Amino acid sequence: MTALATERKPRLFTVEVNTTYCKGCEICVQVCPKNVLAMNDRLKANVVNLKDCTGCLNCEIYCPDFAINVEEVEANA
Amino acid sequence: MPNQSRVLMQGNEAILEGALAAGMRFYAGYPITPSTEIAELAAERLPKVGGRFIQMEDEIASMAAVVGGSLAGVKSMTATSGPGFSLKQENLGYAIHGDIPCVVINVQRMGPSTGLPTSPAQGDMQQARFGSHGDYGIIALTPSSVSEAYYLTIRAFNLSEQFRVPVILLTDEVIGHMREAVSLPDPSELTVAERRKPTAPKGEHKPFAPDAKGVPTLPNFGDGYRFHVTGLIHAEDGFATSNPKLVDQAVRRLTNKITDNIDEIYEAEQREIADADIVVFSYGGTARAARRAVRMAREKGLKVGFYRPITIWPFHDEMVRNAIAGKKAVIIPELNLGQMAREVERVAHGTTTVIPVTKVTGEILTPAEILAAIEEVR
Amino acid sequence: MAIAGKIPTRKYLRQDRLPHIWCPGCGHGIVMQALVRAIHNVGLSQDKTVIVSGIGCSSRASGYMDFDTIHTTHGRALAFATGIKMANPELNVIVMTGDGDASAIGGNHLIHAARRNIGITCICLNNNIYGMTSGQFSPTTPECALATTAPYGVIDPSFDLCKLVQAAGASYVARGTAMQARMLEKYITNALKNDGFSFIEAIDQCPTYFGRKNKLGDAYAMMKRQQETSVSVSKAAAMTPAELEGKQVVGELWNSPRPEYAKSYDQVIAKAQQGGGR
Ligand code: SF4
Ligand code: SF4
Ligand code: SF4
C-alpha cells in the first residue's frame, strides 16, 4: 500500500477537437504518437483513444486550423 | 501683422516649413528632381524637432512608409515628381482606401516618362485625380506663390486629418524653385488640426464607421484597439467583405466624404468676374502670368475676370459654372494639353466657349501669350 | 498541473474570424501558431505589437491575429513596417510574408530592410509557389518543378532567401520547417528577442497547388519530405555542395547583433539637437 502511494498517478488529458474549425487534413492523426485520434466518417478528427494520450501537444501544435486543444485534467482530488 | 517674420525662401523650402508648422514629424522619401530639396530639408530639420526622416529604397517604398508612419500616429509626408508620382499611385490608393491621412507633394515636371526633369509643367492634373485604380475622392491643392505653398501645406495636413484622406499638394517647378519673401506667422497663430481620437471604448469601436460627414475615426497603432486595416474592400469593422450592400457603401463613401464636404474643402480666388465678358481660369505657377494678363487686358479696357482654383480637386462644378455662366468665353492657360480645360468644358456643357491655351515646350506661359488669346476673342 | 509547452494560443487569435480561409493541410496555420507561441514566450504586449502582411495566402494571417494588424499591398509589407517602426520605435513590428511577396515583387524592400537592420522580425512563409493566384512559380520554386506558368518545368534558378538576406545585412537569420514546428517556434522566439532585422524562412506546404502539381502527396507527406530534406547547420558544415543538392539547411544560420536602425536614428536626433549637421 505504501508502495502504491508513492507511485505516480497516471496523468489524464482532454483532447478537444473543434469540428467547426477542423478541415479534415489528417495531420493530427499522423503526428499523434499514441493513435489517440482518427478521422470519422464526416472527415473530421475524432478522439478515439483518450486514455493513451500523453499530453505531448503534437496534435495541437501541428493542427493548421487551431482546432485542437489539449488540457490536463486536474488530479482527481 | 503681429508676430510675423519675413523670410526669403524657395517654394520647396516653404513647403517643408509649412509641414513642420503643421506638425509633420515623419518623412519618407526618394530623391527626384525637382522635389529633392524638400527631402534634404526634411533630413536636416526633422531630427531637430524630434521627428524622423528616412530615405527609402524607392518611390513605392516611401509611399508605403508614409502610410505606415501615419497609422503609427505620426503626421507623415513625402514629396516627389512626375515619374515618382506614377510609382506612388499604388500605395496612395491604399491610403485612400484605408482612410489614412498623409500629404504627398508633387512638384510637377514635364512628362510623359522621364520627360524634361527640370522644366515646369502641369501635366499631372488628371493623374492626381484619377491616377490610382478604382473609384475614390481625393483632395489636391495648387499654390501659385511661395507664401501660398507654405500655407497650403499646412492646410493640406489639416484637411488630411479632418477628412482622413491623402492630400496632394500639386505644385510645379516654377513655384518649387522660385524665391520669394514669406511672412511666417507665429506658430501660436496657426490653426492646426490634430488626429481625431475614437470616443467609443476598445472592443466596441468600429474603426471604419463614418461620422456625420462620412469620415471614420481610426485609432493609431499602439493605442490598444487592436484593429485591422486591409486593402480589401472592408466593412465598418475593418474586415474584408463581399456583401454587395456593404461593398457599395464602402466604395461610395470614399467619394462622398469628399464631394459632400466640398464647401469646406474648396477654395478659389475670384477677381472681377461680375462684369467680365471673358474669364481666365488658371492655377498654380501659370496663374501668375494669367493674373498679369488679366490686369493688362483690364488696362486696355477689356472686361476680363480671373478665376483661380486653389483647391483643384475636388472640382467645384457649381462655383465654376456660376463664374463662367453667360460669359463670352473662358480661357484656360495651362502647361499641358488641356487637362483642366476638360473639366471646365464639362461644366460649361456647350454654353460658354472654352479656349484652352496650352504649352508643352518646357517653358512657362507668358502674360503676353495669354493676353493674345484674350484679345483674339473679341 | 500545466502541460509543459502548453500555450494559450487562442488568446492571441481573433476567434470570431476563424475558421481561416486556408486549404485543408496548408502549412500557414502551423507557422502562424509557431509565431503566436513565440510571441507568448517573449511576452510581447498585444497592444504594442503590429503584425504587417503583404498579399498572398500567407499574408491573410494578419487578419486572424489579435493585435494591431495591417494587410498591405503586394510585396510592400516591409516598407509599410519600416514606416511604422520609424514613426513609433516603441512598437514591436512583425512582418508575415510569402515567398513571392517577399522575394519577387518585394525583393527590393527585403534587401533594404535587412541592410538597415531595422527592428522588424520578418517571417517568410515559403511554400515555393503562388498559392492565391493558383499555382504559378515563384523565385523559390525549385528548378524543374512544375507550375501553371512553367508547364514544362521551371528553368529559373531559385533564391536561397536566407543567404540573400544575410548578405544584405540582417542580424538574425534562421530557417525552419512546418514539420519542425517546435524548432521554428524557438527560432522565432530568438528572432523576436534580437534588436534588429530578423529573418525567418519558414518552409511549409501548399498541398493544393505545389503538392498536387508536383505529385507530392497529401499535406503530411509533404511535411515528412520537409523533414527528410532538412540538414542541420552542424551537419551541413561537413557536407559537400553535391551532397547538399536538393536539401535545405535548417537552424540558426546567422546571429550577429549590430546597431538597430531606429536606435541609430536616435543618435541622429541627438546630433541634430546639439547643433551638428551641415
Ligand atoms: S489537424 Fe486539425 S484540421 Fe487537420 S484533421 Fe486534425 S483537427 Fe482537423
Ligand atoms: S497530445 Fe499527443 S498523445 Fe495526446 S492526442 Fe495529441 S498528439 Fe496524441
Ligand atoms: S492555395 Fe496553397 S498556400 Fe494557399 S491556402 Fe491553399 S494550400 Fe495554402
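Protein chains get the first letters and strands the later ones, always in sequence-line order, with residue 1 at the start of each. The structure displayed is predicted, hence computed values, not measured ones.
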Rounded to the nearest 0.5 Å, what separates atom [atom1] in [X] from atom [atom2] in [Y]?
| X | Y | atom1 | atom2 | value |
| --- | --- | --- | --- | --- |
| B:Phe227 | C:Phe67 | CZ | CZ | 15.0 Å |
| C:Asn88 | B:Asn220 | CG | CG | 9.0 Å |
| C:Thr69 | B:Phe221 | OG1 | CZ | 6.5 Å |
| C:Asp68 | B:Leu218 | CG | CG | 10.5 Å |
| C:His71 | B:His228 | NE2 | NE2 | 6.5 Å |
| B:Glu90 | C:His74 | CD | NE2 | 9.5 Å |

Counting heavy atoms not belonging to [X], are there more than 12 under 6.0 Å from its [atom1]?
| X | atom1 | answer |
| --- | --- | --- |
| B:Phe53 | CZ | yes |
| B:Lys206 | NZ | no |
| B:Tyr30 | OH | no |
| C:Asp16 | CG | yes |

Chain B: which of [options] shares the most heavy-atom pairs with it under 4.5 Å?
| options | answer |
| --- | --- |
| C:Thr82, C:Asn108, C:Asp266 | C:Asn108 |
| C:Ala81, C:Ala262, C:Ser45 | C:Ala262 |
| C:Ile111, C:Val268, C:Thr72 | C:Thr72 |

Counting only heavy atoms closer than 4.5 Å, note whether [X] contacts chain B via side chain, backbone, both or neither.
| X | result |
| --- | --- |
| C:Arg17 | side chain |
| C:Ala77 | neither |
| C:Val50 | side chain |
| C:Leu91 | side chain |

Max heavy-atom pairs within cutoff under 4.5 Å with chain C, candidates B:Ile60, B:Val74, B:Leu71, goes to B:Ile60
Heavy-atom pairs under 4.5 Å with chain C, option from B:Met56, B:Arg52, B:Arg45 with the top count: B:Arg52
Which atom of [X] lies closest to which atom of [Y], heavy atoms considered:
| X | Y | result |
| --- | --- | --- |
| C:Tyr265 | B:Gly51 | CE2-O, 3.5 Å |
| C:Ile269 | B:Gly50 | CD1-O, 4.2 Å |
| B:Gly69 | C:Ala87 | CA-CB, 3.5 Å |

Would the distance check show the side chain of B:Glu57 and the main-chain N or O of C:His112 forming a donor-acceptor pair, the cut-off being under 3.5 Å?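 No, B:Glu57 side chain to C:His112 backbone: no donor-acceptor pair under 3.5 Å.
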Is a donor on one side and an acceptor on the other found under 3.5 Å between the side chain of C:Lys48 and the backbone of B:Gly222? yes
Step by step, work out the side chain to side chain contact (heavy atoms under 4.5 Å, CB included) result for C:Asp47 and B:Tyr225. CA-CA 7 Å; C:Asp47 289 346; B:Tyr225 282 80; over 6 Å; no
Between C:Arg76 and B:Asp58, is there a side-chain N and carboxylate O pair less than 4.0 Å apart?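 Result for this pair is no, no salt bridge flagged.
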Proximal component of B:Val229, with respect to chain C [non-hydrogen, under 4.5 Å]: both
Which atoms of B:Tyr94 are under 4.5 Å from chain C, going by heavy atoms: the side chain, the backbone, both sets, or neither? side chain
